[in-house]
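Whatever order the structure lists ligands and atoms in, that order sets their numbers, starting from 1.
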Amino acid sequence: MSKTIIIGGVAAGAGTATRLRRLKEEEDIILFERGEYISYANCGLPYHVGDVIDDREMLLVTKLQVMKSRYGIDVRNNSEVVKIDRENKKVTVRTKGIEKKEYEESYDNLVIATGSSPIRPRIEGIDSEKIMTLWTVPDTDKIVNILKMKKAKKVAVVGGGFIGIEMTENLKNVGLEVSLIEAADQVMAPMDIEMAQLLHKNIRKNQIDLHLGDGVSKFVENENNITVELSSGKKITVDFVVLSIGVRPNSQLAKEAGLEINERGGIKVDNNLRTSDKNIYAAGDVIEVTDFIFKDKTMVPLAGPANKQARIVADNIAGIKSTYKGTQGSSIAKVFDYAAASTGANEKTLQKRGLVRDKDYKSIIITQNSHAAYYPGAKPLFLKLIFSMDGNKIFGAQIIGNEMVDKRIDTIATAIRFNASVFDLTELELSYAPPFSSAKDPVNMAGYVAENVINGYEDICEWDELEKNPEAVILDIREKKELEKGFRFEEGINIPLSKLREDYKKLDKEKNYVVFCGIGVRAYNASRILQQKGFKNVKIYPAGLRFYKELYGKN
Ligand SMILES: Cc1cc2nc3c(=O)[nH]c(=O)nc-3n(C[C@H](O)[C@H](O)[C@H](O)COP(=O)(O)OP(=O)(O)OC[C@H]3O[C@@H](n4cnc5c(N)ncnc54)[C@H](O)[C@@H]3O)c2cc1C
């Protein structure tokens with residue numbers, strides 16, 4: 001009988017333990033967890049704070065007793081592994097509680113699934129007890145207790161990543177005034193800046209005091225509250241702070257044991273998730289992974305990958321050769337009434353890697369409704385697709401909308417996983433009835449538009465084309481009635497699409513035109529007319545006025 005020790009009892013650790021048990025009834029499996037709880041739903045914690053998940057017990061996915069009785073796993077909570085002795089294949093364990101003790105345990109296979117921890121940068125005042133992080137069940141209990149005392153009225157959330165935003169929303173939902181502070185010029189790093197603008201607008205619409213491009217310079221604890229001082233000089237005084245500025249891998253143990261670690265602290269593993277020691281595997285937030293898009297190394301702390309890696313580690317320990325092919329970073333977050341989702345690489349990442357727009361890649365933004373516009377309740381969504389010049393590689397996608405964002409991003413994530421091209425997106429046969437989609441689903445539509453762009457049938461400009469290219473002339477092709485009802489440009493030319501076949505003669509073929517309509521579809525028709533009349537420089541504004549008005553705050 002061989003013996004497997006697993007360090008870390010949540011996503012990757014618990015997943016490895018249960019899969020391994022299903023594969024090897026005779027394996028001696030010991031799971032060490034330094035905290036009290038194992039296998040809990042970290043991803044649900046913000047929603048317990050916001051009282052959306054009111055029953056705390058619901059967060060405890062597989063309780064310790066179940067892990068023991070159902071799976072025959074020797075679970076030892078409140079037990080921290082403090083040393084790995086690779087030579088003698090032993091770990092040293094320190095227990096917490098009244099009977100503190102230290103002992104050794106031998107292994108045949110060791111799995112490091114120690115996850116990551118929130119970063120607490122060495123900013124002045126950071127050690128204040130009024131600064132919390134949200135990572136574990138006890139962290140959650142602490143915040144919930146503050147809320148139960150009903151004394152807190154104001155909170156500052158530092159960090160606009162997905163946990164920071166989820167906390168912002170949930171704290172707002174329980175009645176607090178929330179300031180959200182982000183040092184970068186946008187929230188949600190997986191989104192490109194123009195897509196993030198939609199989120200900024202929505203966050204502010206929900207009465208959040210949003211500070212962008214303004215990092216914390218220090219915290220000053222006062223008797224009853226705490227002041228957050230920002231680099232701009234602004235001061236925000238609140239009852240408590242939630243710090244959520246990123247995570248670092250818990251790899252100290254592996255490092256001290258001499259395992260290979262990358263510069264960001266991620267444990268290096270091979271395709272079978274084996275570390276530099278053949279008897280030690282690692283999975284979850286603590287490992288370096290292959291970037292599925294670029295095939296080099298990266299770190300992606302997400303629950304889906306951690307669970308998949310757990311299965312692969314268990315398989316390999318059980319003698320089933322199983323490989324991890326990489327992480328593409330598919331993620332989604334609820335941002336008040338929006339869902340914001342992404343998969344693969346964004347444009348910022350491509351540019352950081354030295355790729356140049358219109359030389360190495362192209363991107364499009366489209367807007368469509370969540371389902372057929374004529375069926376009640378359709379809501380707009382915005383979809384950005386980034387792809388290679390020949391369309392054979394999809395680098396990534398981002399979608400923001402009120403509903404049905406998840407199914408579209410998952411379709412594109414699946415397409416990327418199977419190395420589909422943008423042309424394949426046009427061919428996907430997706431389920432349709434009016435309450436659910438359109439006969440041309442937004443994913444098909446993204447494929448069509450990308451294909452048109454590649455084949456030269458349409459040219460979509462960047463969202464900030466009018467700033468970058470002041471020479472460009474706005475050509476608004478909406479009908480007169482539409483202009484009377486709402487927004488109209490102060491500059492530019494209006495020729496309704498219905499008159500364009502005649503009135504194009506009023507336009508100068510030498511000029512650059514940016515064509516606007518409501519959502520970009522009629523602008524495409526207009527650009528086809530103009531192109532076929534010999535115009536060479538006609539670009540379509542991405543996702544039309546619907547997107548432009550969101551970006552530039554127009555009504
Ligand atoms: C609030 C929150 C919301 C999230 N929301 C999402 C989401 O919506 N979607 C998503 O994909 N991801 C989300 N995540 C991230 C996701 O939870 C993690 O990526 C995932 O849990 C990683 O799994 P893991 O097993 O590697 O690490 P963890 O789940 O962190 O587990 C590691 C465990 O190892 C234990 N440990 C560490 N060192 C030792 C030691 N020396 N000895 C014993 N035990 C040790 C730790 O106590 C910890 O319990 C969220 C995370 C948080 C905190």
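- The residues D141 and R56 are annotated as salt-bridged, a charged nitrogen and a carboxylate oxygen being separated by less than 4.0 angstrom.
- Side-chain contact check for N250 and T114: no donor-acceptor pair (N or O, by modelled atom type) lies under 3.5 Å.
- Counting heavy atoms of neighbouring residues, nucleotides and ligands inside a 6.0 Å radius, atom CZ of R70 does not exceed 12 of them.
- In this structure, K278 places its NZ atom where only 12 or fewer heavy-atom neighbours from other residues, nucleotides or ligands lie under 6.0 Å away.
- Looking only at protein heavy atoms, the nearest one to atom 40 (C) of ligand 1 is I7 CG2, 3.6 Å.
- Under a 4.0 angstrom heavy-atom cut-off, V286 registers as lying outside contact with ligand 1.
- Proximity annotation for atom 30 (O) of ligand 1: of P249, G115, S39, S117, G115 comes nearest, heavy atoms only.
- The distance criterion of under 3.5 Å between nitrogen or oxygen atoms is not met by A306 with respect to ligand 1.
- Close approach of ligand 1 to E33 (heavy-atom distance below 4.0 Å) involves ligand atoms 33 (C), 34 (O), 35 (C), 43 (C), 44 (N), 46 (C), 47 (O), 48 (C), 49 (O).
- Comparing G284, G164, C43, S251 by heavy-atom distance to atom 13 (C) of ligand 1, the nearest is C43.
- Nearest protein heavy-atom contact of atom 28 (P) of ligand 1 is V10 CB, 4.0 Å.
- Contacts with ligand 1 closer than 4.0 Å are made by side-chain heavy atoms of L253 only, the backbone lying farther away.
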Subject >> Worked check of salt bridge (Lys or Arg N to Asp or Glu O under 4.0 Å) between D239 and K130 >> reply: CA-CA 7 Å; D239 298 299; K130 295 191 172 74; over 6 Å; no

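- Residues K297 and T290 have side chains that bring a donor and an acceptor to within less than 3.5 angstrom of each other.
- No more than 12 heavy atoms of other residues, nucleotides or ligands shown are found within 6.0 angstrom of CZ on F418.
- In summary, the atoms of ligand 1 found under 4.0 Å from a heavy atom of A12, numbered by their order in the structure, are 24 (P), 25 (O).
- The protein heavy atom nearest to atom 34 (O) of ligand 1 is G8 CA, 3.2 Å.
- Scanning all protein heavy atoms for the shortest distance to atom 19 (O) of ligand 1 gives D285 OD1, 2.8 Å.
- Applying the 6.0 Å contact sphere to NZ of K255 captures no more than 12 heavy atoms from other residues, nucleotides or ligands.
- For atom 53 (C) of ligand 1, the closest heavy atom belonging to the protein is W135 CE3, 3.0 Å.
- The shortest non-hydrogen separation linking A184 to E182 is N-OE2, 2.8 Å.
- Those atoms of ligand 1 with a heavy atom of A11 less than 4.0 angstrom away are 21 (O), 23 (O), 25 (O), 29 (O).
- F395 is not listed as a side-chain neighbour of N346, based on a closest heavy-atom distance of 4.5 Å or more.
- For atom 11 (O) of ligand 1, the nearest protein heavy atom (residue, atom name, distance) is A303 N, 2.9 Å.
- Remark: minimum distance from atom 2 (C) of ligand 1 to any protein heavy atom is reached at N42 O, 3.3 Å.
- Atom numbering of ligand 1 starts at 1 in the shown order; those under 4.0 Å from a heavy atom of P46 are 1 (C).
- Contacts of A113 with ligand 1, taken as heavy-atom pairs under 4.0 Å, involve the backbone alone.
- Residue K3 qualifies as enclosed at atom NZ: its count of foreign heavy atoms under 6.0 Å is above 12.
- In P301, the part holding a heavy atom less than 4.0 Å from any atom of ligand 1 is the backbone.
- Every heavy atom of Y37 sits 4.0 Å or more from the atoms of ligand 1.
- By the neighbour-count criterion of 12 heavy atoms within 6.0 Å, atom NZ of K96 is densely surrounded, having more than that number from other residues, nucleotides or ligands.
- Considering backbone and side-chain N/O of L302, one or more are found under 3.5 Å from N/O of ligand 1.
- Salt-bridge formation is detected for the pair E347/K384: a Lys NZ or Arg NE/NH1/NH2 atom is positioned less than 4.0 Å from an Asp or Glu carboxylate oxygen.
- With contacts defined as side-chain heavy-atom distances shorter than 4.5 Å, the pair V313/L20 does not qualify.
- Ligand 1 places these atoms under 4.0 Å from at least one heavy atom of F32: 43 (C), 44 (N).
- For S79, every heavy-atom contact with ligand 1 shorter than 4.0 Å involves the backbone, none the side chain.
- Annotation: R34 places an N or O atom under 3.5 Å from an N or O atom of ligand 1; distance criterion only.
- Nearest protein heavy-atom neighbour of atom 37 (C) of ligand 1: T114 O, 3.3 Å.
- Residue contacts with ligand 1 for I163 involve side-chain atoms from C-beta outward but no N, CA, C or O (heavy atoms, distance under 4.0 Å).
- Around the NZ atom of K68, the shell of radius 6.0 Å holds more than 12 heavy atoms that belong to other residues, nucleotides or ligands.
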